[in-house]
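Here the structure comes first, spelled out in structure tokens, and everything after it is commentary.
In this text, all values refer to a predicted model and were calculated from it rather than measured experimentally.
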Amino acid sequence: MRLVSVLLVLLSACSAPPAGPVVPEPVAGDPGGDRRRAVERGLLPAVVLAGRDEPRWSVEERMERYRVPGLGIAVIDDGAVAWAAGYGVTRAGGAVPTTASTRFQAASIIKAVSAAGALRLVQDGRLGLDEDVGRRPRSWRLRFADGVAAAPVTLRHLLSHSAGVTVHGFPGYRRGAPLPTPLQILDGAAPANSPAVRVDETPGRRYRYSGGGYQVVELLLEEVTGRPFASLLAELVLAPAGI
């Protein structure tokens, strides 16, 4: 079985193991369920060591191991969804089952879409992949931490998580809670619940995952185009891809 890609999206509420057994759903295009079972019972580790037995786990075993209450899987083969299914429950300690139609937070999936949008602007000559973008936004300046010498920060650095930028990720906000503006997020100002985005390592020195770096990319794209981020990416990336 050749899988082009497998997308696993985890619920953010990961404080308890799944409640109850995983209930299979009918899957169009795989009536016997053989391809689906091969995935559900054959999960592999990220790294396999030479000379050692190759471990395989079931979806349920991995959910229990990582205390994931709900999980969605979509398998894409030859550009089409071969099958999709939900497992567990939608909330830790709850009873509502997760299905193939359950909505999850997009989370860092947006990074790939953001990078594609930024590269479209590079292709159109509106941004340079290796120009110093640290001072380009008019409304905000990328600041360096004490003891770190100022150096060019490029779009290539930001997209590849090598800009030395802080803030690994963002916890999100409860429904109904006040939402910060992009500038408040970048400066770590209330009601933002994350620290300020700063450069605390020499750009280009090493890889270090940074959601904060992509927050800088968002601001950069908005200021270069004068367009809201969501509608801009819809036009540059999603619509051409038929999404």
Side-chain angles (χ1 to χ4, degrees), residues 8-15 46-47 66-68 104-122 126-175 177-230 232-233 236-237:
L8 298 105
V9 186
L10 304 181
L11 273 176
S12 58
C14 297
S15 58
V47 177
Y66 293 109
R67 302 180 64 81
V68 174
F104 293 84
Q105 285 189 332
S108 289
I109 293 173
I110 192 61
K111 286 185 172 64
V113 181
S114 302
L119 294 177
R120 276 291 308 274
L121 295 182
V122 171
R126 304 182 69 178
L127 277 175
L129 194 57
D130 293 305
E131 69 172 296
D132 184 3
V133 301
R135 297 184 177 276
R136 181 156 181 167
R138 298 180 299 275
S139 60
W140 186 79
R141 290 289 180 265
L142 186 57
R143 297 176 178 84
F144 287 75
D146 293 342
V148 179
V153 174
T154 68
L155 182 60
R156 187 188 301 272
H157 289 146
L158 293 170
L159 296 181
S160 63
H161 299 281
S162 61
V165 176
T166 60
V167 185
H168 178 276
F170 301 95
Y173 299 86
R174 291 185 178 276
R175 183 171 304 194
L179 298 179
T181 66
L183 294 182
Q184 287 173 326
I185 295 174
L186 288 167
D187 283 330
N193 58 10
S194 52
V197 176
R198 299 289 186 263
V199 180
D200 69 349
E201 285 193 359
T202 302
R205 179 182 177 186
R206 69 182 180 104
Y207 170 88
R208 186 181 66 186
Y209 190 90
S210 173
Y214 269 75
Q215 189 68 33
V216 177
V217 172
E218 175 181 339
L219 179 65
L220 177 65
L221 267 57
E222 287 191 336
E223 293 213 349
V224 166
T225 63
R227 297 276 304 281
F229 188 64
L232 177 65
L233 292 190
L236 294 179
V237 183

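Counting only residues at least two apart or in different chains, salt bridge (Lys or Arg N to Asp or Glu O under 4.0 Å) contacts with residues 202-211 comprise D200-R208, E201-R206, E201-R208. For the salt bridge (Lys or Arg N to Asp or Glu O under 4.0 Å) condition, the pairs that include at least one residue of residues 154-164, sequence neighbours left out, are D130-R156.
Looking only at side-chain heavy atoms (C-beta outward), L183 and S139 come within less than 4.5 Å of each other. Here the side chains of P203 and T154 are not in contact, with every heavy-atom distance at 4.5 Å or above. Put simply, the side chain of V167 does not reach to within 4.5 Å of the side chain of I185, judged on heavy atoms. Side-chain contact between S114 and E218 is absent, with no heavy-atom pair separated by less than 4.5 Å. Considering only heavy atoms from C-beta on, V148 stays 4.5 Å or farther from R198 through its side chain. A 4.5 Å side-chain heavy-atom check between V133 and V217 finds every atom pair outside the cut-off. The shortest side-chain heavy-atom distance between I110 and L233 falls under the 4.5 Å cut-off. Proximity of L221 to R126: side-chain heavy atoms (C-beta onward) are nowhere separated by under 4.5 Å.
Atom OH of residue Y214 and atom CG of residue L220 lie 12.5 Å apart, to the nearest 0.5 angstrom. Considering CZ of R136 and CG of L155, their distance stands at 10.0 Å, rounded to 0.5 Å. Rounding to the nearest 0.5 Å gives a distance of 6.0 Å between CG of L232 and CG of L121. Put simply, NE2 on H157 and CG on D132 are 9.5 Å apart, with the number rounded to the nearest 0.5 Å.
What you find for A163 and L158 is that their closest heavy atoms are CB-CD2, 3.7 Å. Considering all non-hydrogen atoms of both residues, G213 and S210 come closest at N-OG, 2.9 Å.
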message: Assess the residue pair L119 and L159 against the criterion (side-chain contact (heavy atoms from CB on, under 4.5 Å)); give the C-alpha distance rounded to whole Å, side-chain angles, the decisive distance to 0.1 Å, and a yes or no.
response: CA-CA 10 Å; L119 294 177; L159 296 181; 4.2 Å; yes
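In terms of modelled atom types and a separation under 3.5 Å, the side chain of T181 and the main chain of Q184 share a donor-acceptor contact. Of the possible donor and acceptor atoms, none in the side chain of D187 sits under 3.5 Å from a partner among the backbone N and O of A196.
Between H161 and Y209, the two ring planes are parallel [angle under 30°; tilted spans 30° to 60°].
Under the ring-ring contact (aromatic ring centres under 6.0 Å, His included) criterion, Y173 pairs with no residue at all, not counting sequence neighbours.
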